[in-house]
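Bear in mind that the values here come from a model prediction, so they are computed numbers and not experimental data.
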Amino acid sequence: MNALKYAVASDQQAEIFERIREINQSEIGEDYVRKIADFIDDFGEARVVELADCFGVTHATVNKVINRLQREGLVTSRPYRSIFLTDAGRELAEESRRRHKIVYDFLKAVGVSEKNAKIDTEGLAHHVSEETISALQRLTREKCGDG
C-alpha cells in the first residue's frame, strides 16, 4: 500500500517538476518580449544594447535569446537593426503584462512594499496557473474595487 501511495505521489511530483521546467524555459522569452514591447512603445524601437543593459547581460547573450525568439516566430530582426515583435510576440507581451499587473496589484493590496512587490512579481507571474491568476485578480477586486 505504501508503495502505491509513493508511486502516485511520485507521478504527481514528476508532473510538477515538468511544469516548472517548461515555465523556466519560457520565462526568459516572456521577459524579453515584454521588455521589447516596452522599448517599442516608449522609444519606437528595441535594440540589443538597451536589452543587454536592462537585463545586465552581454550583447552575445541577447543575440542568442533573440535568435531563439526569431525561431519561435515572436520577433523579427536583422544584424545591426532594431528588433520588432511579430503579432504572436505582441500577444505574448500583452499576456505577460497582464499577468504581471495582476500579481503586482495583489501583492500591493496585501501590504507588500513596492520594492518587494516588483521583485516578487517577476518570479510569481511566470509560475502560477491561470486559475491562480484569476483568483488573485478576484481577491484584489474584492479588496480594492479594481485590479
Side-chain angles (χ1 to χ4, degrees), residues 8-147:
V8 171
S10 180
D11 290 347
Q12 291 171 343
Q13 197 66 42
E15 185 179 320
I16 291 167
F17 286 127
E18 166 97 17
R19 182 169 185 271
I20 290 170
R21 283 191 299 276
E22 289 172 6
I23 290 167
N24 287 341
Q25 287 179 340
S26 68
E27 186 173 353
I28 292 171
E30 288 177 21
D31 287 341
Y32 270 74
V33 296
R34 188 169 34 97
K35 189 47 70 178
I36 290 167
D38 290 346
F39 281 131
I40 291 170
D41 292 349
D42 293 345
F43 307 109
E45 66 178 354
R47 299 180 316 151
V48 169
V49 66
E50 285 88 11
L51 289 168
D53 288 346
C54 174
F55 290 112
V57 298
T58 65
H59 294 186
T61 298
V62 172
N63 284 322
K64 187 183 221 181
V65 173
I66 295 304
N67 286 333
R68 188 186 98 210
L69 296 176
Q70 281 184 294
R71 286 191 305 274
E72 293 173 1
L74 299 171
V75 302
T76 59
S77 177
R78 293 185 306 181
Y80 310 106
R81 302 284 184 179
S82 297
I83 303 159
F84 297 97
L85 295 172
T86 63
D87 289 342
R90 178 57 76 174
E91 285 179 29
L92 180 61
E94 292 305 319
E95 175 60 16
S96 180
R97 284 176 174 168
R98 181 188 74 84
R99 292 175 67 85
H100 278 74
K101 179 178 181 344
I102 291 167
V103 171
Y104 176 81
D105 289 348
F106 174 79
L107 293 174
K108 290 295 293 168
V110 297
V112 176
S113 69
E114 184 168 343
K115 177 183 175 187
N116 283 328
K118 286 179 179 179
I119 293 167
D120 293 344
T121 294
E122 283 304 317
L124 291 171
H126 298 284
H127 289 273
V128 295
S129 67
E130 188 57 38
E131 177 185 2
T132 301
I133 288 290
S134 294
L136 296 177
Q137 187 173 38
R138 185 176 59 255
L139 288 170
T140 303
R141 282 184 178 146
E142 289 171 8
K143 181 170 176 60
C144 302
D146 61 352

J.: Output yes when R34 and D31 qualify as a salt bridge under the 4.0 Å nitrogen-oxygen rule, no when they do not.
T.: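 Yes, R34 and D31 are salt-bridged.
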J.: Considering the options L74, L85, T76, which one meets the side chain to side chain contact (heavy atoms under 4.5 Å, CB included) requirement together with L69?
T.: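 That would be L74; it is the only one of L74, L85, T76 passing the side chain to side chain contact (heavy atoms under 4.5 Å, CB included) with L69.
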J.: Measure the spacing between NZ of K108 and NZ of K143 and express it to the nearest 0.5 Å.
T.: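 Rounded to the nearest 0.5 Å, the NZ-NZ separation comes out at 12.0 Å.
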J.: State the NZ-CG distance between K118 and L107, to the nearest 0.5 angstrom.
T.: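 It comes to 13.0 Å.
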J.: Check whether any side-chain heavy atom of L51 lies under 4.5 Å from a side-chain heavy atom of V65, and answer yes or no.
T.: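 No - every pair of side-chain heavy atoms lies 4.5 Å or more apart.
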J.: Side-chain contact test, heavy atoms from C-beta onward, threshold under 4.5 Å: evaluate it for L124 versus L136 and give yes or no.
T.: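 L124 vs L136: side chains apart.
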J.: So, taking the atom named OG in S113 and the one named CG in D120, what distance separates them when rounded to the nearest 0.5 Å?
T.: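 Rounded to the nearest 0.5 Å, the OG-CG separation comes out at 8.0 Å.
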J.: Report yes if some heavy atom in the side chain of H127 is under 4.5 Å from a heavy atom in the side chain of E27; otherwise report no.
T.: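 Side chain of H127 against side chain of E27, heavy atoms only: contact under 4.5 Å found.
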J.: Got a sec, which pairs hit ring-ring contact (aromatic ring centres under 6.0 Å, His included) with one end in residues 67-90, sequence neighbours left out?
T.: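 The answer is none; no pair qualifies.
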J.: Could you please spell out the steps behind the side-chain contact (heavy atoms from CB on, under 4.5 Å) verdict for E130 and R99?
T.: CA-CA 9 Å; E130 188 57 38; R99 292 175 67 85; 3.1 Å; yes
J.: Any chance you could measure E50, atom CD, to D42, atom CG, to the nearest 0.5 Å?
T.: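 Interatomic distance, E50 CD to D42 CG, rounded to 0.5 Å: 11.5 Å.
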J.: Filter on ring-ring contact (aromatic ring centres under 6.0 Å, His included), then keep only pairs touching residues 91-125, sequence neighbours left out; what's left?
T.: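 Sorted pair list: H100-H126.
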J.: What are the two closest heavy atoms between C144 and A109, and how far apart are they?
T.: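 In this case the closest contact between C144 and A109 is SG-CB, 3.6 Å.
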J.: Regarding R90 and D87, does a basic nitrogen lie under 4.0 Å from an acidic carboxylate oxygen?
T.: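 No, R90 and D87 are not salt-bridged.
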J.: To the nearest 0.5 Å, how far apart are CD1 in I40 and OG in S82?
T.: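 Separation between the atoms: 8.0 Å.
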J.: Quick one: ring-ring contact (aromatic ring centres under 6.0 Å, His included) pairs with a partner in residues 50-75, sequence neighbours left out?
T.: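 For residues 50-75: Y32-F55.
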J.: Under 4.5 Å between any side-chain heavy atoms of I36 and I66, yes or no?
T.: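 Answer yes - side chains close enough.
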J.: Hey, are E94 and R98 close enough for a salt bridge, meaning a charged N less than 4.0 Å from a carboxylate O?
T.: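 No salt bridge links E94 with R98.
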J.: Is any side-chain heavy atom of I102 closer than 4.5 Å to one of T140?
T.: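 SC-SC contact between T140 and I102 ruled out.
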J.: Would you compute the distance between atom CD of E30 and atom OG of S96 and round it to the nearest 0.5 angstrom?
T.: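 Between atom CD of E30 and atom OG of S96 there are 5.0 Å.
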J.: Within the supplied structure, the quantity of interest is the number of heavy atoms (other residues, nucleotides, ligands) at a distance under 6.0 Å from R81 CZ; does it exceed 12?
T.: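 It does not: R81 CZ has 12 such atoms or fewer within range.
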